Each structure stands twice: as C-alpha cells, then as structure tokens.
Visitor: 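Please find one structure pasted underneath; my questions will follow.
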There are 2 protein chains.
Amino acid sequence: MNGTSAAAEDRVFAALANATRREVLRLLRDGGPQPVQALADHFAMRRPSLSEHLKVLKDAGLVSEQRSGRQRIYRLEAAPLAEVQDWLHPYERFWRDRMKGLGALLDRMPDDDRP
Amino acid sequence: MNGTSAAAEDRVFAALANATRREVLRLLRDGGPQPVQALADHFAMRRPSLSEHLKVLKDAGLVSEQRSGRQRIYRLEAAPLAEVQDWLHPYERFWRDRMKGLGALLDRMPDDDRP
DNA sequence: TTGACACGTAGGGAAACGCCTACCTATCGT
DNA sequence: ACGATAGGTAGGCGTTTCCCTACGTGTCAA
C-alpha cells in the first residue's frame with residue numbers, strides 16, 4: 001500500500017540530516033541541473049567528499065545523474081521530498097490546533113487509561 | 001527574519017534521521033503525552049537508550065517534558081515540524097510540475113551559462 | 001525510614017559518518 | 001598519442017552515533 005519502504009524512508013531522512021547535502025539540494029533547485037565541480041565550488045570541502053555526499057543523495061533518490069561527455073550532470077529529484085511531506089501530514093493538526101488554542105485539549109484526550 | 005537558526009534546523013533534521021525517534025513522535029502523536037516507560041515498551045531497546053533519544057528530541061524542540069511525581073510525561077511539540085514543512089515548500093513545484101510534464105523544461109531553464 | 005520505582009547520567013565499545021589524500025578511469029583537445 | 005580535465009573509488013583517521021551496563025537522584029508507599 002505504501003510506496004515507501006522503511007529502508008527508503010530511512011535513507012531519505014538520513015540524507016537530509018546533513019547541512020551540506022541540504023545545501024546541494026537547494027543549489028540544484030535554484031540553479032538547475034549542474035555538474036559536480038559547479039556544486040563543489042560552493043563548499044569549503046574537497047571534491048571527493050562532495051562526491052560521497054552526492055552518492056548518499058542518489059541512493060536516497062533525491063538526485064539523479066546524467067552523463068554528458070566527461071561530466072556528470074546532477075539533477076534534483078523531488079519525489080522523496082513529497083513523501084516527507086506526506087510523513088508530516090498527520091502532525092499538521094498539532095501545530096494548527098495549538099495555534100487555535102485547542103492543543104492542550106486534543107493532547108490530553110487520547111491519554112485516558114493505560115496499565 | 002528567519003526564526004530557525006541554522007543550528008536549530010540541523011538539530012531537527014538530525015533528530016528525524018533516526019527511525020526510533022520518528023516512532024517516538026508517532027507514539028506521542030497517536031497516544032498523547034506519555035511517561036518514558038510507556039514509550040519504551042514499544043522498542044527492543046533498554047530504557048536508558050530511549051532516554052537518550054528523548055534527550056535528542058527535546059534538544060531539537062520536538063518534545064517537551066513535564067514532571068509528574070516520579071515520572072516524566074513527554075509531549076509532542078510539533079512546531080519544529082512546521083518549519084520542516086516550510087523548508088519543503090520551495091521544492092514543492094518540483095514534484096507538482098513534474099506531474100504536469102513541465103519538469104524537464106523548468107529544470108533546464110535556469111541552467112544557462114556558467115564559466 | 002526503608003525499599004521500590006521512574007528516570008537520568010556516566011562511561012565504554014562497535015559501527016557509521018565525514019573529511020582527507022592518493023589514485024584510477026574516461027573523455028576531450030591538440 | 002598525449003596531456004589535461006571531470007569525477008568516482010580506496011583507504012585512513014578522528015569524531016559522532018547508538019547501543020549497552022552500571023550507578024546516582026528523586027519520589028512514593030509502607
């Protein structure tokens with residue numbers, strides 16, 4: 001039923017846990033598909049390290065690579081981010097309700113009796 | 001302007017990177033505020049380990065604790081998740097547009113000329 | 001007050017992470 | 001064919017993560 005395996009979900013969240021990788025996603029979002037060196041120019045880090053980050057992002061499905069001559073063009077793949085948004089949805093009422101002042105009530109309702 | 005410091009954003013994403021911690025959030029969301037032992041019952045893990053996970057979640061602002069006698073009641077705090085949703089927003093068009101078949105066009109447009 | 005209970009903290013160890021310096025392959029230009 | 005360029009891979013190394021087993025602290029009940 002659910003298109004996201006637990007392992008895939010884990011890879012996505014783990015990929016997003018690193019600030020460099022989030023910045024790579026932003027660069028691809030704002031700058032469009034780019035080769036590795038163009039991305040690496042934005043970081044105080046050697047290129048091989050960035051390559052490893054790109055591998056993590058690729059394994060999470062967050063970027064794809066397309067070979068063009070001797071360069072690899074990396075492109076943002078946002079589908080896994082849509083699944084992160086889906087993951088967030090059940091929590092949404094918790095920050096909306098709290099805004100309306102119902103939060104405390106709704107929080108305490110399911111907490112009836114437990115052994 | 002931005003209420004989220006980079007360090008705070010990092011703590012939130014890092015906290016979400018672990019499956020146990022995500023499950024804790026789900027338990028608090030579906031079961032309401034709970035003491036530590038009630039949460040620990042759901043995991044194949046010693047209670048002190050779960051305490052450490054709760055500390056990570058608390059440092060990220062994702063849960064709060066309230067003392068009640070000798071137990072600590074943990075409660076979901078969803079505000080940081082709202083900021084994750086805000087973080088996702090600029091990516092949203094990338095999965096929406098792709099659905100409509102415009103993705104490839106929009107991807108390539110910003111990628112004009114770079115040295 | 002004495003024990004039991006709920007929980008956090010300390011400290012340790014295996015594994016993963018994130019960076020580095022070589023080094024290798026593949027492609028382009030001359 | 002040759003050097004230069006783009007980028008992945010290997011291996012090392014310090015740090016962090018995540019689990020564990022003690023142990024310490026505060027609270028309740030008898």
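Residue numbering restarts at 1 for every chain, and letters A, B, ... go by the order of the sequence lines. Please read these numbers as outputs of a predicted model, since none were measured by experiment. Excluded from the calculations below are hydrogen atoms, water molecules and symmetry mates; all remaining heavy atoms, backbone and side chain alike, are included.
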Visitor: In whole angstrom, what separates A/Met45's CE from C/dC19's P?
Guide: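 Interatomic distance, CE of A/Met45 to P of C/dC19: 4 Å.
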Visitor: With 3.5 Å as the limit, what N/O pairs link the protein to nucleotides 22-30 of chain C?
Guide:
from   : atom 1 : to      : atom 2 : distance (Å)
C/dT27 : O2     : A/Arg70 : NH1    : 3.3

Visitor: Can you tell me how far P of C/dC7 sits from CZ of B/Arg72, to the nearest Å?
Guide: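 Spelled out: CZ on B/Arg72 to P on C/dC7 is 8 Å.
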Visitor: Rounded to the Å, how far apart are B/Asp41 CG and C/dC7 P?
Guide: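 Taking CG of B/Asp41 and P of C/dC7, I get 10 Å after rounding.
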Visitor: Taking any heavy-atom pair under 4.0 Å as a contact, classify A/Tyr74: base, sugar-phosphate, or nothing.
Guide: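 If one applies the 4.0 Å heavy-atom cut-off, A/Tyr74 turns out to touch the sugar-phosphate alone, with no base involved.
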Visitor: Applying ring pair (Phe, Tyr, Trp, His ring centres under 6.0 Å) as the test, list every pair that has at least one member in residues 9-35 of chain B; sequence neighbours left out.
Guide: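 For residues 9-35 of chain B: B/Phe13-B/Trp87.
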Visitor: Please give me the minimum heavy-atom distance between A/Leu39 and A/Tyr74, naming the atom from each residue.
Guide: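 So the minimum-distance heavy-atom pair works out to CD1-CB, 4.4 Å.
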Visitor: Working to the nearest 0.5 Å, report the span between CG of A/Leu27 and CZ of A/Arg22.
Guide: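 One gets 13.0 Å once the value is rounded to the nearest 0.5 Å.
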Visitor: Nearest whole angstrom, please: distance from the P of C/dG18 to the CZ of B/Phe13.
Guide: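 Distance check: B/Phe13 CZ to C/dG18 P gives 15 Å.
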Visitor: Give A/Arg21 one of three labels, base, sugar-phosphate or nothing, depending on what nucleic acid heavy atoms sit under 4.0 Å from its own.
Guide: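 Touches sugar-phosphate only.
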Visitor: State which residues pass side chain to side chain contact (heavy atoms under 4.5 Å, CB included) with A/Gln71; sequence neighbours excluded, sorted by chain then number.
Guide: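 Partners of A/Gln71 by the side chain to side chain contact (heavy atoms under 4.5 Å, CB included) criterion, ordered by chain and then number, come out as A/Pro35, A/Ile73.
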Visitor: Ignoring backbone atoms, test whether B/Ser51 places a side-chain nitrogen or oxygen under 4.0 Å from the OP1 or OP2 oxygen of C/dC7.
Guide: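 No, B/Ser51 has no side-chain N/O under 4.0 Å of OP1/OP2 on C/dC7.
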Visitor: 5' to 3' on DNA chain D, which nucleotides open and close the contacts with chain B (atom under 4.0 Å from a heavy atom)?
Guide: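 It runs D/dC18 to D/dC28.
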Visitor: Do you know the tightest heavy-atom contact between B/Leu50 and B/Val36?
Guide: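 For B/Leu50 versus B/Val36, the nearest heavy atoms are CD2-O, 3.9 Å.
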Visitor: What is the minimum heavy-atom distance between B/Ala17 and A/Ala14, and which atoms define it?
Guide: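 Looking at all heavy atoms of both residues, the closest pair is CB-CA, 4.2 Å.
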Visitor: Find the distance B/Glu52:CD to C/dG11:P and express it as a whole number of Å.
Guide: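 The distance from CD of B/Glu52 to P of C/dG11 comes to 13 Å, rounded to the nearest Å.
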Visitor: Let me know the distance between CG of A/Asn18 and P of C/dC17, rounded to the nearest Å.
Guide: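 Atom CG in A/Asn18 sits about 11 Å away from atom P in C/dC17.
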Visitor: Using 0.5 Å steps for rounding, measure from the CD atom of B/Glu77 to the OG atom of B/Ser64.
Guide: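 Rounded to the nearest 0.5 Å, the CD-OG separation comes to 3.5 Å.
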Visitor: List in chain and number order the residues that pass side chain to side chain contact (heavy atoms under 4.5 Å, CB included) with A/Ala82, two or more places apart in sequence or in another chain; answer none if no residue qualifies.
Guide: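 With neighbours one apart ignored, the set is B/Trp95.
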Visitor: Identify, between B/Lys55 and A/Thr20, the residue whose nearest nucleotide on DNA chain C lies closer to the 5' end.
Guide: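 In this pair, the answer is B/Lys55.
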Visitor: What donor-acceptor contacts under 3.5 angstrom involve side-chain atoms of residues 52-61 of chain B, with partners at least two apart or in another chain?
Guide:
from    : atom 1 : to      : atom 2 : distance (Å)
B/His53 : ND1    : B/Arg21 : NH1    : 3.1
B/Lys58 : NZ     : B/Glu65 : OE1    : 3.1

Visitor: How many whole angstroms separate atom CG of B/Leu54 from atom P of C/dT9?
Guide: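 B/Leu54 atom CG is separated from C/dT9 atom P by 11 Å.
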